[in-house]
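Down below is the structure, laid out as structure tokens.
What you see is a predicted model; the values in this text were computed from it and never measured.
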Amino acid sequence: TLSQEQQALLSFIVDAYNKHRIPQDMAKKLLQEHFNAEENFMLLTDMATSHVQVLVEFTKNIPGFQALDHEDQIALLKGSAVEAMFLRSAQVFTRKMPHGHTEVLEDRIRKSGISEEFITPMFNFYKSIGELHMLPEEHALLTAITILTPERPYVKDQAAVERLQDPMLEVLQKFCCLQHSSEPQHFARLLGRLTELRTLNHHHAEMLASWRMS
Amino acid sequence: PASNLGLEDIIRKALMGNLEE
């Protein structure tokens, strides 16, 4: 079972994760209005900006984060922002949405000028997250674990980051054992998705480069 | 790269400010 301290940490992270979401009016725009490819791209860019702001607010609530060296805080957020965004988007895509919404969202992304070679791995990732049937607690913890990755470029005090990440990993492992007792590999599979996220992050960097070219 | 600077700018501003206020 989770210790009292671990339960408190879990509740805190889940609350912070649920509290910090993309503003509803912006999310609604994705479904309601029609845009041409360029406007579509601009909307997705605004979404990404809002996503980063929300991510920073969530991260500030992770116990101990604000006590880290300020430049290390920035290095962690810079290194993980794209991965955390993909995780959150995967959660949106695997959630049961009203009829037709998934298609509208998918269509919008496909018509944003992003080339197919980048879109396919992204939707494959969403699918692989969907197959895990992750609980909201697992999404919140996995996002915190992604952000608190000590091996990001320019992080000076990796040991300090590890001291924050380790308890999260322990809580996630215990939570997985408790909630998925019939699937002993569940925790390992979750960690495997972090490797996929790293690959997507690299794809994303290439995608930005190709956008700049065009 | 410019895009990375953009990301860093957003992060720095968000770290200093408070969206909830």
Side-chain angles (χ1 to χ4, degrees), chain A residues 15-16 18-23 26 41-42 44-62 65-85 114 147 152-155 201-202 204-214, chain B:
Chain A
D15 284 349
N18 289 337
K19 205 168 129 197
H20 298 106
R21 296 165 183 266
I22 285 181
M26 187 173 277
F41 172 76
M42 292 305 290
L44 289 174
T45 307
D46 285 347
M47 287 284 293
T49 305
S50 174
H51 220 151
V52 173
Q53 289 167 336
V54 163
L55 180 73
V56 173
E57 289 306 312
F58 164 65
T59 307
K60 279 154 82 172
N61 280 276
I62 297 176
F65 181 82
Q66 295 208 67
L68 293 173
D69 173 86
H70 189 69
E71 290 306 308
D72 278 359
Q73 293 181 24
I74 289 158
L76 289 175
L77 282 161
K78 244 182 114 171
S80 64
V82 167
E83 294 177 22
M85 275 194 263
I114 307 170
I147 295 161
R152 299 289 184 199
Y154 309 113
V155 172
N201 202 350
H202 287 296
H204 183 264
E206 290 170 31
M207 184 173 81
L208 286 181
S210 80
W211 262 336
R212 272 196 293 273
M213 291 285 283
S214 59
Chain B
S3 62
N4 289 348
L5 278 178
L7 174 62
E8 189 171 324
D9 283 342
I10 301 166
I11 290 169
R12 281 186 188 276
K13 275 184 194 156
L15 271 177
M16 282 190 300
N18 190 343
L19 285 181
E20 286 150 27
E21 280 174 1

Between the NZ atom in A/K60 and the CE atom in B/M16, the distance rounded to the nearest 0.5 Å is 9.5 Å
Check against side chain to side chain contact (heavy atoms under 4.5 Å, CB included), A/L77 and B/L15:
CA-CA 10 Å; A/L77 282 161; B/L15 271 177; 4.1 Å; yes
Suppose we screen for side-chain hydrogen bond (donor to acceptor under 3.5 Å, both in side chains). Which residues come up paired with A/D72, at least two apart in sequence or across chains?
none
In Å, rounded to the nearest 0.5 Å, how long is the span from CD1 of A/I74 to CD of B/E8?
6.0 Å
Tell me the closest heavy-atom pair linking A/Q53 and B/I10, and the distance in Å.
CG-CG2, 3.9 Å
I need the B/R12 CZ to A/H70 NE2 distance, nearest 0.5 Å.
5.5 Å
